Amino acid sequence: MAASMDSDEEDSFVSLGNALEQINEDESRKKLVFAQEQAAKDSRGRPRFHGAFTGGFSAGHFNSVGSKEGFRPSTFVSSRIKNPEDEDHAQRPEDFMDEEDFGEYGIAPRKLVTAGKFGSQERRKRQLDEVNVMTSGTLFSGEPALTDLITPERLTIGIRLLRKLGWKEGQGLGPRERRQKKRTVRSKHVFRIANKTYGCAPPLGSSAGQDSGSGESENEFPEDVTFAPKDTTSISFVAKDNEHGLGYRGLDPRVALPSTHINLSGPPRTSKTGGMRGHAFGVGALEEEDEDIYATDHLSNYDITMDIDEGKEDLFGWTAPGRSKGGKQTTPVGYLGKVLEGFTLSTKKLKAKRGFGPPNIPKDFRPIHKFQQTSQSINEHLRQAPPALQGQSDRQKTKMDAVTRALTLGESPLTGSVFDLISTKDRAKMDTMKSTTQCPDRGTTSTSSDVAHPNQGLTNNPSSISFQSHTGPQKSPQNDPVRSSQNEAGSAEGSLTDPASSHQPFQGGNIGFKPFARDLAKQERYDKYLAIKKLGKPDAYEEVTSGHMTEWDRGREKEEFIRASKLYKPLPGMMASRFTTAKYDDSTDTVDVPRDEGREKTDQMKAAEMKMYGQLTHDEFEWHPHKLLSWRFNVPNPYSGSSIVGLPTVKRDKYSVFTFLNFSNESESPTSQDMKALPAPPPPTEPPTGSKPVTFDIKNRSKMTAPLKSIFSDLVDTPSTSQKPATPDIQDTPDTQESPTSTTQNIEQTEKPALDLFGAIFGNTDSEDSSEEEEEEEEEEVKQTKPSHSELASPSLPTVPKTDKVSSKPTTHVEDSAESIAESPEDIELQERLAPPQQATARDEDEQYGPALPPPGAPRPSSMSTTSAYVDLNLTSSHKHRHKDRHKDRHKDRHKHKKEKKAKHKKDKHKEKKKSKKQRSRQRSDSSHSDYDSSDMEDDQKLIQKLKAVKQKGLLRMSDIS
Amino acid sequence: MGEEFPEKLISTVNCKQGAVRAVRFNVGGDYCLTCGSDKSVRLWNPHRGIALKTYTGHGYEVLDAQSSGDNSQICSGGMDKTVMLFDVATGKAVRKYRGHAGTVNCVKFNEESTLILSGSIDSTVRIWDCRTKKMEPIQILDEAKDGVTSLQVSDKEILTGSTDGRIRRYDLRVGKLSVDFIGAPVTCVNFTRDSQCILTSTLDSSIKLMDKDTGEMLAEYKGHKNNNYKLDSCLNVEDTHVLSGSEDGNVYIWGLVEAKVLKKLTHESDKAIHSLAFHPEEKCLLTASMDKMYVWKSKYAQSRDT
């Protein structure tokens, strides 16, 4: 450091490490050191180790053992007089340590460290906390990136301390100095500034004059004025810990290997004359020296002149471009401002930067953003122009949300639950049903009847929830079209279905629970009983009993029914076992004892009422106390050998329901449980109007033989059994159109609800064996229903030719089988939902296999403009996907076919009516979904249908009973 | 023996612990316990009207308590579904048994005070062993079909009354459970001193004396009013009288044999007298109504001025 030449020599030196001892040449190298002299001493020459008897390691007060003072004990302080915990007299561990222990290697090293409070980490944390406090609840909360913007960085404790000492920014540290020193500081500043004048190329000698000028001005300062020392950055020395030569630097790959393209053709950048190259590495003999490989240094970086100049000295040998001494700074004539030291005025004029002002804010602008286009308003738009897809899309081109986009693209909208798939009409039905079941005029049987339908809560309540939650933005576009189309087209059908639907109450999920499946008649009675009970009649059982039963049987069965209806509820088993049903109604003051709660109970009750206590009211059971209990009671254990505790002979068979039901409440959903216990739901009663098919019971009985099949056993039903009923089914189809009115109730009744529901939910379970006939049957259905889709918007379209085809089908379906295996639209449902709409349209084209769609150009007397668009979509699709899709879908389709088929088993005779009904319902709902793609609509329809079938079945049964 | 009733109101003590849910004498009859709705159990000297100690630790209203045979411990149960065991001297909770699914209606020690039996609204009686550290009941008597309202323990029998209208007597020596159907929900059961009969209160304003072995009704005591609350009934020292609280604010005293109302102890309020306890040796009756405890003694006893 050449800088500190005029300051005191002692100050400028920094001593690092200890000086080596001077080697006295005269002394003999090896001196005999005796053992006693080799004692370990501490830094002050005192012995570190003492004998064990004198205190051992570092003994005594401040290692005073062995010294003149010896061991200095602390004086005894009576604890009575003075609190021993007084700080004067309390012994601290430090009292027994000497300074070595406090040293760097001692047992309790003491050194100055920054308190945690002042550490940078802590500071940062505090800052963050502050930010959190300030921004909590605002938009920026939890954004650490913005903290610096929000709170200014605090000054460090060091700077704050320095400021208190009088230090100012930009000053150096240390005592204030006189003018002489200040000069150096100034020049140093100049140097620093000059060092930074990269862009400018000051003319040589331009700034020298200024320096001298400033020197003159400095003389004006009086002697007694002191200046702060110059601000220097401390030099950090790096210890040399390697064995390279001084100044060696390793090859820096960033420098050595140019990342950019090397211009080989161009001339080398540095001139050989001016450069001074580093030669850290040798160059191969065959290689030419490449100047650019290594970092180059330039001679101009070094001061090679030797003149002694005051100003120059301060530069520590550095020569900045602007620092070359020379003439005065020339200021141009017209220039009024000052010129910084080291700078010259450029001859070129700087181009004025073009600024762009802020935009003009209109006067009436208010900085509040309003979202004008909400989904609600979209719905409003949709409602105004319900099915007109094109007009709608035009209008809403800019304001589409996900739902509308999906609608226009023909995708199926997101469905939150299965209940979304139910048409609005059915929902309304369910709502009314729910409201009727919840009406409180139950009287004494209210509790039991509520319990009697445990699944009701499962089915009805979610539905109601889903109505509320899903009918909002998503569903509302569909709702109104439904109504409108109903009004338009559904004149004929509406009249048909309305009585049926109004007549069908919805009997929750209790249909599925068949505790008495082994005894069909009993089960039937039970179902009836449930239904009647649900209607609120107190003596439900009396109406169900068949005459031929004995009194005893009747009583027993009644109790069973009551138990079954009460005990089977979806309350998790653990909890259910903890409670018993209330014996009496809480709301009334007087207690109405149920007239009869089973035989033995009534006996007891009668006896109790008549105060004939004794035999009748007294029961004795064997009871096993715990052995510890009898031990504690000082009583010999009456059953010393038994391991039973409590009542050993609990009559479980009383609960006949439980004997063939496995209660796994937690794992299984109630629906699945239902289905387990449900081989075939026999209709509880005859519908009053229609005649029950004779074959019906027989079929059911055949099913009864295996009452405890699992759900899946139904799915994997053998084709042989399912085939027989299928044929009449098909033969019946021609009637489809003829008699749509007569007995719609019967049809729905025979359907199997639980499975369909199951299938609707878990759309694609594979089953192993499937007959092609089934699929074909399915196909037929599709064909039949398909045309109805095409006419969805045009109810007046002639459908007769299509149905004719269908009706002719049964005769030819064997030949067609190969063809018809493949396609079954229901299965594609799921795929469709996932697949892009293009595929869907392709498939639609595929499905035009059997009954030909009317030509696209055919005149349609449709009132709605959407139909044409919809048809167009169909036409543009290609046939490509046909076979592939079929292949894929086969598996999935199977079980559905079967289900359908099963339903057909039962329906057989009435199928045609059902179909017609289906069609009708399809039409209705199709028109409601008119902005969908056809395929999606179909899918939805199927689902809806299924659900409807399920529900209607329940409703039907209820109504029948009532 | 002349008809002597504890008919003189010696003192009325405001327990200052909310509603007094139960009042119980200790074994010797020198002290009594009151269970308050302020989650505390308080130990009194009823004869002098001094509160001796308060035992806290319950999380909700305390419904029943009993002191152990050696007066060293107190067990209590309450609406926090727990059964607690207190040390009398220190006032600290020794055990807290959790396990009941509902309010604990009644607690009793066995004769040796080694077990605590607790009957709960969850229709079980749980038997806890205080000798071990185990916090599980050693046995659960879950035969009741409805909440267990009352519980008595003799040297070899456990007697429970339940709201299912039945009283159940578990005979440990024989290993038998005998169930007697009473009809109306049972609110209180008591053994007679000779342990041959059972006194049962039911919610149809009737108290019945039942033969223990055959289940026959020996006498029925009527006249009081008990339709809604769980009211205690008891027998006097000599088993000559039957006493019961009533919802009309009186304590009714019947003759055991003749089953006639002999006396009515009228309280200052007409609120239900829901708990009462008869002194085990003397003619002294404790009754509890609302937040007060009443001490009744023979008319010859000196009244205390406080």
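Naming: A, B, ... by sequence-line order, numbering from 1 per chain. Every value quoted in this text rests on a predicted model; they were computed, and no experiment measured them.
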More than 12 heavy atoms of other residues, nucleotides or ligands under 6.0 Å from NZ of B:Lys81: is that the case? no
Max heavy-atom pair count under 4.5 Å with chain A, selected residue of B:Met210, B:Glu112, B:Lys156: B:Glu112
Nearest heavy-atom approach of A:Trp623 to B:Lys176 is CB-C, 3.8 Å
What part of A:Asn634 gets within 4.5 angstrom of chain B, counting heavy atoms only: side chain, backbone, both, or neither? side chain
Among B:Leu141, B:Asn110, B:Ile127, B:Asp129, which residue forms the greatest number of heavy-atom pairs with chain A at distances under 4.5 Å? B:Asp129
Please name the pair of heavy atoms, one in B:Asp213 and one in A:Glu620, separated by the smallest distance, quoted to 0.1 Å. O-OE2, 4.1 Å
Non-hydrogen atoms of chain B under 4.5 Å away: do they reach the side chain of A:Phe633, the backbone, both or neither? both
Chain A contact via B:Arg131 - which portion, at a heavy-atom distance below 4.5 Å: both
Do the side chain of A:His618 and the main chain of B:Lys212 share a donor and acceptor less than 3.5 angstrom apart? no
B:Tyr60 OH: over 12 foreign heavy atoms closer than 6.0 Å: no
Starting at CG of A:Leu629, measure out to CG of B:Leu117 and round the result to the nearest 0.5 Å. 7.0 Å
Greatest number of non-hydrogen atom pairs under 4.5 angstrom with chain A, of B:Asn227, B:Asp155, B:Leu203, B:Ile140, falls to B:Asp155
For A:Tyr613, does its backbone N or O pair with a side-chain atom of B:Glu216 as donor and acceptor, under 3.5 Å? no
So what's closer than 4.5 Å to chain A heavy atoms on B:Glu143: side chain, backbone, both or neither? side chain
Within this structure, what is the CZ-CZ distance for the pair A:Phe621 and B:Arg168, rounded to the nearest 0.5 Å? 8.5 Å
Heavy atoms of B:Gly175 and A:Pro625 approach each other most closely as CA-CD, 4.4 Å
What distance separates A:Arg632 CZ from B:Ser113 OG, expressed to the nearest 0.5 Å? 12.0 Å
For B:Tyr229, look at atom OH and say whether over 12 heavy atoms of other residues, nucleotides or ligands are found less than 6.0 Å away. no
Contact origin within B:Ser120 toward chain A - heavy atom pairs under 4.5 Å: neither
Is it the side chain or the backbone of B:Thr214 that comes within 4.5 Å of chain A heavy atoms, both, or neither? backbone
List the steps, then state whether side chain to side chain contact (heavy atoms under 4.5 Å, CB included) holds for A:Thr617 with B:Ile182. CA-CA 7 Å; A:Thr617 59; B:Ile182 303 295; over 6 Å; no
With only heavy atoms counted, which part of B:Leu172 is less than 4.5 Å from chain A, the side chain, the backbone, both or neither? both
Measuring heavy-atom distances to chain A, does B:Asp180 have an atom under 4.5 Å in its side chain, in its backbone, in both, or in neither? both
Contact part of B:Ile158 toward chain A, heavy-atom cut-off under 4.5 Å: side chain, backbone, both or neither? side chain
Starting at CG of B:Leu115, measure out to NE2 of A:His626 and round the result to the nearest 0.5 Å. 11.0 Å
